[in-house]
Amino acid sequence: MQRASRLKRELSLLTAEPPPGITCWQNENQLDDLRAQILGAADTPYEKGIFNLEIVVPERYPFEPPKIRFLTPIYHPNIDSAGRICLDVLKLPPKGAWRPSLNISTLLTSIQLLMAEPNPDDPLMADISSEYKYNKQLFLLNAKEWTEKYASQ
């Protein structure tokens, strides 16, 4: 019950005051199955892209983080081809930094920040990570190409 009321509160806040460039909604009236869209930030290779994400809220939320993955393919060192995201706030301690005080809005904002500033030292995609580190121009070109191919409306 606590989970349902918290989720309703979070969703109504996300609807009323969404973080800039982020929208989130229920998928087919399922409270634990959400969808989100993140707009690629200006001055990044994801600019003007619209990236769709799936959010699955576990039974134990907020004591367990939601599972979030990209549905839109994205060329990024911390996001793999299945859309899985390597981000500490999406994992439970000791390896992760998830806390029950965090919420879906915070997570989506963190993902948006990760898109703008990849962490090549904790990659899911080693090849993209080394490209980001050692050939940034090529990385930017590839990321922009993927954005145009997969995230343009």
Side-chain angles (χ1 to χ4, degrees), residues 1-126 128-130 132-133 136 139-140 143 146-147 150-151 153:
M1 192 61 213
Q2 180 194 2
R3 169 179 173 253
S5 60
R6 171 157 169 173
L7 272 171
K8 282 193 178 100
R9 206 171 49 243
E10 281 192 41
L11 274 171
S12 69
L13 196 66
L14 271 162
T15 307
E17 301 170 30
I22 294 173
T23 48
C24 184
W25 64 94
Q26 276 177 268
N27 189 35
E28 297 168 7
N29 290 330
Q30 298 287 322
L31 195 56
D32 56 1
D33 183 16
L34 311 176
R35 292 293 178 266
Q37 278 187 336
I38 297 180
L39 300 178
D43 304 322
T44 72
Y46 311 110
E47 186 170 7
K48 293 190 177 86
I50 297 174
F51 297 88
N52 293 303
L53 292 90
E54 170 189 72
I55 304 167
V56 178
V57 184
E59 278 301 316
R60 294 195 56 241
Y61 183 80
F63 303 103
E64 208 175 283
K67 299 203 178 339
I68 304 180
R69 70 181 188 95
F70 275 79
L71 297 173
T72 306
I74 181 171
Y75 193 83
H76 194 286
N78 308 106
I79 301 161
D80 72 9
S81 53
R84 291 181 303 235
I85 306 160
C86 183
L87 186 62
D88 60 352
V89 291
L90 294 175
K91 294 189 281 268
L92 283 167
K95 286 191 168 137
W98 170 257
R99 293 184 314 282
S101 58
L102 296 173
N103 60 32
I104 292 167
S105 179
T106 318
L107 294 179
L108 291 171
T109 305
S110 300
I111 292 168
Q112 189 181 41
L113 200 66
L114 181 70
M115 285 169 68
E117 294 178 28
N119 177 3
D121 299 323
D122 190 16
L124 268 181
M125 304 296 280
I128 298 176
S129 175
S130 60
Y132 180 83
K133 277 178 160 170
K136 193 111 176 232
F139 164 79
L140 293 170
W146 275 49
T147 301
Y150 300 110
Q153 293 302 311

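Side chains included, hydrogens not; waters and symmetry mates left out as well; all remaining heavy atoms used. Remember, it's a predicted structure, so these values are computed and weren't measured experimentally.
To the nearest 0.5 Å, atoms OG1 (Thr15) and CD (Gln26) are separated by 8.5 Å. The distance from atom CG of Asp33 to atom CG of Asn27, rounded to the nearest 0.5 Å, is 4.5 Å. Once rounded to the nearest 0.5 Å, the distance linking CD1 of Ile85 with CZ of Phe70 reads 5.0 Å. Atom CG in Leu34 sits 9.0 Å away from atom CD in Glu10 (nearest 0.5 Å). Rounding to the nearest 0.5 Å gives a distance of 9.0 Å between OG1 of Thr44 and CG of Leu140.
The only member of Ser129, Ser130, Cys86 that meets side-chain contact (heavy atoms from CB on, under 4.5 Å) when paired with Pro77 is Ser129.
Between Glu54 and Arg35 the shortest heavy-atom distance is CG-NH1, 3.3 Å. Closest non-hydrogen pair, Ile74 versus Trp146, comes out as C-CE3, 3.6 Å. A pairwise comparison of heavy atoms in Pro123 and Asn78 identifies CA-ND2, 3.9 Å as the closest pair. Leu31 and Leu7 get closest at one heavy-atom pair: O-CD1, 3.7 Å. Shortest non-hydrogen contact noted between Glu64 and Pro58 is OE2-CB, 3.3 Å.
By the 4.5 Å heavy-atom criterion applied to side chains, Pro66 and Val56 are not counted as neighbours. Put simply, the side chain of His76 does not reach to within 4.5 Å of the side chain of Ile128, judged on heavy atoms.
Using modelled atom types, no side-chain atom of Arg84 and backbone atom of Leu124 make a donor-acceptor pair closer than 3.5 Å. Judged by distance alone, with hydrogens and angles left aside, the side-chain atoms of Thr72 form a donor-acceptor pair with the main-chain N or O of Asn52 at under 3.5 Å. Remark: side-chain polar atoms of Glu47 are paired, donor with acceptor, to backbone N or O of Asp43 under 3.5 angstrom. With Tyr46 contributing its side chain and Tyr75 its backbone, the two residues share a donor-acceptor pair below 3.5 Å. Checked by atom type and distance alone, the side chain of Arg3 never pairs as donor or acceptor with a backbone atom of Pro62 at under 3.5 Å. Under a 3.5 Å cut-off, the side chain of Thr147 and the backbone N or O of Ala143 do form a donor-acceptor pair.
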Take Lys95 and Asp88 through the salt bridge (charged side-chain N to carboxylate O under 4.0 Å, His left out) test and state the conclusion after the steps.
-> CA-CA 7 Å; Lys95 286 191 168 137; Asp88 60 352; over 6 Å; no
Quick one: do Phe63 and Gln2 satisfy side chain to side chain contact (heavy atoms under 4.5 Å, CB included)? Show the steps, please.
-> CA-CA 11 Å; Phe63 303 103; Gln2 180 194 2; 4.2 Å; yes
Test log, rule side chain to side chain contact (heavy atoms under 4.5 Å, CB included), inputs Leu71 and Leu53 | CA-CA 5 Å; Leu71 297 173; Leu53 292 90; 5.8 Å; no
Worked verdict on Gln37 versus Ile22 for side chain to side chain contact (heavy atoms under 4.5 Å, CB included) = CA-CA 6 Å; Gln37 278 187 336; Ile22 294 173; over 6 Å; no
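Using cut-offs of 30° and 60° for the angle between ring planes, the Trp98 and Tyr61 rings count as tilted. Taking the six-membered ring for Trp and thresholds of 30 and 60 degrees, Tyr132 and Phe139 have ring planes more than 60 degrees apart, a perpendicular arrangement.
Atom NZ of Lys136 is surrounded by 12 or fewer heavy atoms from other residues, nucleotides or ligands within 6.0 Å. Counting heavy-atom neighbours within 6.0 Å of Lys67 NZ, excluding the residue itself, gives a total of 12 or less.
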Side-chain donor/acceptor pairs under 3.5 Å, residues 100-119, sequence neighbours excluded:
{"unit_1": "Asn103", "atom_1": "OD1", "unit_2": "Ser105", "atom_2": "N", "d": "3.1"}
{"unit_1": "Asn103", "atom_1": "OD1", "unit_2": "Thr106", "atom_2": "N", "d": "2.8"}
{"unit_1": "Asn103", "atom_1": "OD1", "unit_2": "Thr106", "atom_2": "OG1", "d": "2.6"}
{"unit_1": "Thr106", "atom_1": "OG1", "unit_2": "Asn103", "atom_2": "N", "d": "3.4"}
{"unit_1": "Thr109", "atom_1": "OG1", "unit_2": "Ser105", "atom_2": "O", "d": "2.8"}
{"unit_1": "Ser110", "atom_1": "OG", "unit_2": "Thr106", "atom_2": "O", "d": "2.9"}
{"unit_1": "Gln112", "atom_1": "NE2", "unit_2": "Pro20", "atom_2": "O", "d": "3.0"}
{"unit_1": "Asn119", "atom_1": "OD1", "unit_2": "Asp121", "atom_2": "N", "d": "3.1"}

